[in-house]
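Predicted model only: the values in this text are computed from it and were never measured.
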Amino acid sequence: MVEEIAVKARGTGEQARVAADVGLPLARIIAGLSTAGDRRSLDAILTDLPKIGGSNAQRDFFVLALAKAAGANGDRAAFSRICNVRRHLKVEDRLLGSIESHASL
């Protein structure tokens with residue numbers, strides 16, 4: 001799947017730019033294949049997430065997956081930034097509490 005997104009990202013047009021800027025780094029982070037650049041671009045990924053389309057619930061899945069990846073990697077700073085974004089969207093957040101309790105933070 002990551003390779004398919006990489007192929008799309010090498011194309012032209014708006015969808016290729018979204019794949020390159022958001023889809024590919026997001027997929028690599030979730031798949032555990034992220035680069036240092038992907039992790040540094042986390043804030044941009046979170047900001048640009050609406051560009052990938054889908055429903056709020058579908059995009060929320062990606063936010064949760066990013067939180068789980070950050071927690072599994074012990075990246076407290078990234079986890080905190082992701083939590084702040086999600087908490088801004090959701091006042092009561094039991095799912096993030098569950099992820100945090102199982103994270104390596």
Side-chain angles (χ1 to χ4, degrees):
M1 181 177 83
V2 174
E3 183 55 35
E4 291 296 320
I5 296 171
V7 168
K8 179 71 173 175
R10 290 190 290 269
T12 59
E14 180 63 23
Q15 288 301 307
R17 281 192 295 280
V18 171
D21 295 344
V22 183
L24 187 55
L26 175 66
R28 286 191 300 236
I29 290 170
I30 292 171
L33 305 170
S34 62
T35 65
D38 294 333
R39 293 184 296 277
R40 282 192 303 273
S41 67
L42 180 61
D43 292 327
I45 294 168
L46 289 167
T47 299
D48 291 341
L49 200 55
K51 291 180 181 178
I52 65 171
S55 68
N56 288 335
Q58 289 167 324
R59 288 189 302 271
D60 188 46
F61 169 81
F62 290 125
V63 172
L64 288 170
L66 286 170
K68 187 170 182 179
N73 290 331
D75 189 341
R76 183 175 295 280
F79 184 80
S80 178
R81 291 194 318 271
I82 295 164
C83 288
N84 287 337
V85 167
R86 190 156 194 274
R87 287 186 180 126
H88 178 73
L89 300 172
K90 296 182 174 287
V91 175
E92 183 180 342
D93 199 335
R94 292 179 296 192
L95 287 172
L96 271 181
S98 175
I99 289 171
E100 186 172 27
S101 71
H102 293 93
S104 307
L105 303 173

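Note that the CG atom of L66 and the CG atom of D75 stand 11.0 Å from one another [nearest 0.5 Å]. Atoms CZ and NZ, from R17 and K51 in turn, are 9.0 Å apart once rounded to the nearest 0.5 Å.
S34 and D38 get closest at one heavy-atom pair: CA-OD2, 3.4 Å. In terms of heavy-atom proximity, A70 sits nearest to F79 at CB-N, 3.8 Å. In terms of heavy-atom proximity, S101 sits nearest to S98 at OG-O, 2.8 Å. Nearest heavy atom pair, residue P25 against residue S41, reads CB-OG, 4.3 Å. Across every non-hydrogen atom of A19 and K8, the tightest pair is CB-CG, 3.9 Å.
Two residues are said to be in side-chain contact when any heavy atoms from C-beta on lie closer than 4.5 Å; I29 and I45 meet this criterion. Between L49 and L26 there is a side-chain heavy-atom pair separated by less than 4.5 Å. No side-chain heavy atom of I5 sits under 4.5 Å from any side-chain heavy atom of R28.
Here D48 pairs with nothing under the side chain to side chain donor-acceptor pair (under 3.5 Å) rule; sequence neighbours left out.
A donor-acceptor pair under 3.5 Å links the side-chain atoms of S55 to the main chain of Q58, judged by distance alone. Judged by distance alone, the side chain of S80 and the main-chain N or O of R76 form no donor-acceptor pair under 3.5 Å.
By the rule that hydrophobic residues join a cluster once side-chain heavy atoms approach within less than 4.5 Å of another member, M1 and I30 end up as members of separate clusters. If you chain together hydrophobic residues whose side chains sit under 4.5 Å apart, I52 and F61 fall into the same group. In the hydrophobic clustering of ILVMFWY residues, with side-chain heavy atoms under 4.5 Å counting as a link, F62 and V85 come out together.
In this structure, a donor-acceptor pair under 3.5 Å is absent between the side chains of N84 and R81.
I82 pairs with exactly one of I99, L64, L46 by the side-chain contact (heavy atoms from CB on, under 4.5 Å) rule, that one being L46.
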